[in-house]
Every structure is written in C-alpha cells, then in structure tokens.
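Reviewing the structure listed below.
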Amino acid sequence: MPGERSERTKMKIDRIELFLCYLPYVHFFETSFGRQEGRTFILVKVYADGMCGYGEVVADKSPFYSYETASTAWLMMKDFFVPLIFRKALAHPQDFYAQVGIYKGHPMARAGLELALWDLEARSQGLPLWRLYEGIHKEIPVGVSIGIQDSVDQLLERIQGFLDEGYQRIKIKIKPGWDTAVCRKVREKLPDIPLQVDANGAYSAGDSKRLKELDAFNLTMIEQPFAPYDLWDHSRLQKELATPLCLDESITNVEAARKAIEMGSCRIINIKAGRVGGIIESRKIHDFCQDKSLPVWCGGMLESGIGRAHNVHLAALPNFTLPHDISASKRYYAEDLIEPPFDITARGTIEVPDLPGIGVYPQEERIRKAAVNKEVFRKEDF
Ligand code: OSB
Ligand code: MG
C-alpha cells in the first residue's frame, strides 16, 4: 500500500472539526427526487502535528439519494467515528478503514473522515493525493450533469451553453414523463454529441418497455433506472438493451460491484467515494472493474471545491476512462470554497493539481461564511 508510514513517524490526530455548511447553487438542480436551490454538506478538518487535512461529507439535507443525511452523518461521526480515531490513535486512512468496518453503514460519514485523513497524510509527505493513489492521468476528461428543466427549450439552451464551454459530454436527468420525448428533441438538434441519461432509480420493472425506447437515441449509457437494491431487474433490462447500463446508487462497495458484474446488471460503473465509504473502497472497485475490463468514471454530488478536489485526484487512477461528473467551480457555486477555482481546459478536461494534498487552497473566510454550525473535538476529551 503506498503512503504507509513506520510506527516511529506515525502522526497523532489531536483535533477534529466539523462544519455544517450551506451553499446556494448558481442554478437550481432538479432530479427525479425534486428541485433544490442549494446544498447542505459537512466539511471535516483533521489536525496533527500542526498540519490539517480537509474532507467533505456529501450527505445532503434530506435522504433522497441515500438514507444518509447531514444530520445522521454528524451524529455518526460524533458518537462513533471521531471517538474511534482518538481512542485507537488512528491517523493513517488505511488504519481508519480497517477499524471503522466494525460499524454498519453510513458510508458518507466515514468517507468524509477518510478523505480528510488522506489529505493530511499526503500533505505530511509533501505529495499530491494522486501520487499516493498511484494515479496516472495528469488531466481528466469532464462532462456536465444537467437537471430537469422547466421546458425542453430551456434544457437545449443550457446544453448548448455547456458545449460552448467545452464539456466533452452531456448527462441529463430523466424521470417518467421527462425522458423519451426530451431525448428525441435533444437528438434532433444535436445528433452527434456524447449524451447519457440518469434516472436516479425513478423507474420500476414495469417500465422496461419504455426504457427500451431509449435505445433509439444512441446514448453512451443509461444510469440507474431502477432502485438501488434492485440488481436483478437491472440485469434483466441490460439483456434486452443495446445501450450500456451504468450503476450509481446500487454500487455501495466492491462486493456489490462484483455481484452486479457477475449478474450482468451493468456494463459501466460510476464511482463516488462518498457513496462507497471512501477512497480505499473506491480503489477496490476501480481495480475489480479494471480486471473485468469494465470502464469506470467518477460521479459527483455537487460538492464544494474541497470534495471536488478529492474527486479529481481519484479520477487520476488508470481505469477512470470515461468523462466524469466533475465540472468547473462556476457551474455549481458563485464563490467556491477553494482557490484557484477549477476550470475547464480547451481540451474539455480538468487538470489534476500537483501541490501537496488536495492541491488547492481552502478559503477559511468563505468556509466560515458558509458554516451554519461547528463542533470541535479534542484528543484530550476522549
Ligand atoms: O446521481 O449522479 C447523481 C448530484 C447529486 C446527487 C446525485 C447525482 C448528482 C449529479 C451531479 O448528477 C453530478 C455533479 O456533481 O456534477
Ligand atoms: Mg447518478
């Protein structure tokens, strides 16, 4: 495992800070779950030897995407994961990963802490995260995920705007009633762009006939048509579809990935560190998929620049080959929490930062402004 340290030089975490934050979006984001105007999330700071690492918990205010919320994640960290780190003197993310497995569930809460420990570890070694992860990509291909709009014309206008900005592919959110007719109109206007759709589990097996109509639109993939637990119906649908299925919510760990692949439930996997509990589990899924010749890409949860920086470094791994849901800072927030902001190159890519840790500078003043609650935990209190 790269990034391992000897006992002698092991860091000791002496303080952990949690910030409950809210940032308004530049444009509302609507999925099959509903419309949102901004994002609630938790920033995690872990301190050791005068250094600090940053992580982000992607759990939202409400349990739409998963059962986790910002409140449940806060509680799990406070009652279980933070005490575990202090009591067992865990500082290396690998040690945290090995020990936190005694508890069930709550991957987003774990991931926030694991990410912060990775940032700290990388900073202490003076290396960017992508080197610790053994990444190879110096820049990563990126796309944009566009929510459900008030009208198809508005959607077409937004798509054109993002294409003009240089994004390599477009993903649109779909739900029953905002699907085939929308895809047809997009294809009439833009017959050749790389286009994919994401249903966030809005369909059920009875909708299979309708979903098969999507084969007509030359989509790169259809993401998560059915419920997260439903690998079986995904496998039945994939057999009848020419378009590859991509699973997001269903892939909660490497075991779920193995079962999905063995059952033929998908041909592509979207990896999100938050959904699967951190970088170590993400790498296991990445490696397993690589072994099975399945391409993966990095999904997003509309993170602040801190969470997005973590995604960018993860996406530097070799088998992350398809364009990611990692967009420029200004696509999400008027003022991101980092400097410099992420921008799109003329090649439709984002450059992987080469400075230590996440490789971008968190802006403390902006974090304070975004924070609606804060809690500090000290080693001496455990
Ligand atoms: O399903 O990929 C998803 C955002 C929030 C929750 C779930 C999803 C999304 C996105 C946005 O599609 C991707 C991004 O961060 O750009
Ligand atoms: Mg998705």
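Both ligands and their constituent atoms are indexed starting at 1 by order of listing.
- Between Lys173 and ligand 1, a contact under 3.5 Å exists for at least one N or O pair.
- Listed by atom number, the atoms of ligand 1 under 4.0 Å from Glu223 heavy atoms are 2 (O).
- Nearest heavy-atom pair, Phe81 versus Ala109, reported as atom, atom and distance to 0.1 Å: CE1-CB, 3.7 Å.
- Residue, atom and distance of the protein heavy atom nearest to atom 1 (O) of ligand 1 are Asn200 ND2, 2.8 Å.
- At under 3.5 Å, not a single nitrogen or oxygen of Glu249, backbone or side chain, sits near a nitrogen or oxygen of ligand 1.
- At the shortest separation from atom 6 (C) of ligand 1 among protein heavy atoms lies Met301 SD, 3.5 Å.
- Residues Ile193 and Phe162 share a single hydrophobic cluster, defined by chaining ILVMFWY side chains whose heavy atoms lie under 4.5 Å apart.
- Note on Asp325: not counted as a metal contact of the Mg ion (ligand 2), no N/O/S atom lying under 2.8 Å.
- For Arg35 and Phe28, the positive end sits near the middle of the six-membered ring, less than 6.0 Å away and at most 45° from its axis.
- Gln196 contributes no side-chain N or O that, together with a main-chain N or O of Pro194, makes up a donor-acceptor pair within less than 3.5 Å.
- When heavy-atom distances to ligand 1 are checked against a 4.0 Å cut-off, Asp198 comes that close only through its side chain, counted from C-beta outward.
- Not a single N/O/S atom of Glu249, whether from backbone or side chain, sits less than 2.8 Å from the Mg ion (ligand 2).
- You'll find the side chain of Ile42 reaches within 4.5 Å of the side chain of Leu20, heavy atoms only.
- Close contacts between ligand 1 and Asp248 involve ligand atoms 1 (O), 2 (O), 3 (C) [criterion: under 4.0 Å to a heavy atom].
- Only the side chain of Lys171 comes within 4.0 Å of ligand 1, counting heavy atoms alone; its backbone N, CA, C and O stay farther away.
- Below 3.5 Å of separation, one finds an N or O of Lys272 facing an N or O of ligand 1.
- In terms of heavy-atom proximity, Cys289 sits nearest to Ile269 at SG-CD1, 3.8 Å.
- Annotation for Arg187: atom CZ counts as buried by contact number, over 12 foreign heavy atoms lying within 6.0 Å.
- Between atom 9 (C) of ligand 1 and the options Ser145, Gly300, Gly143, the minimum heavy-atom separation is to Gly300.
- Remark: minimum distance from atom 14 (C) of ligand 1 to any protein heavy atom is reached at Tyr332 OH, 3.5 Å.
- Residue Glu223 approaches the Mg ion (ligand 2) most closely through its N/O/S atom OE2.
- Counting heavy atoms from C-beta outward, Leu43 and Leu18 have side chains that stay 4.5 Å or more apart.
- Using bins of under 30°, 30° to 60° and over 60° for the plane-to-plane angle, the ring pair Trp118/Tyr133 lands in the perpendicular bin.
- In this structure, CG in Asp215 is found 6.0 Å from CD1 in Ile222, a value given to the nearest 0.5 Å.
- For ligand 1, none of its N or O atoms has an N or O atom of Arg39 under 3.5 Å away.
- For the pair Arg331 and ligand 1, no heavy-atom separation below 4.0 Å is found.
- Side chain of His324 to main chain of Gly299: no donor-acceptor pair is present (N/O by atom type, distance under 3.5 Å, no hydrogens or angles).
- Closest protein heavy atom to atom 15 (O) of ligand 1: Leu302 N, 2.8 Å.
- If you put the vertex on the Mg ion (ligand 2), OD2 of Asp248 and OD2 of Asp198 sit 180° apart, to the nearest 10°.
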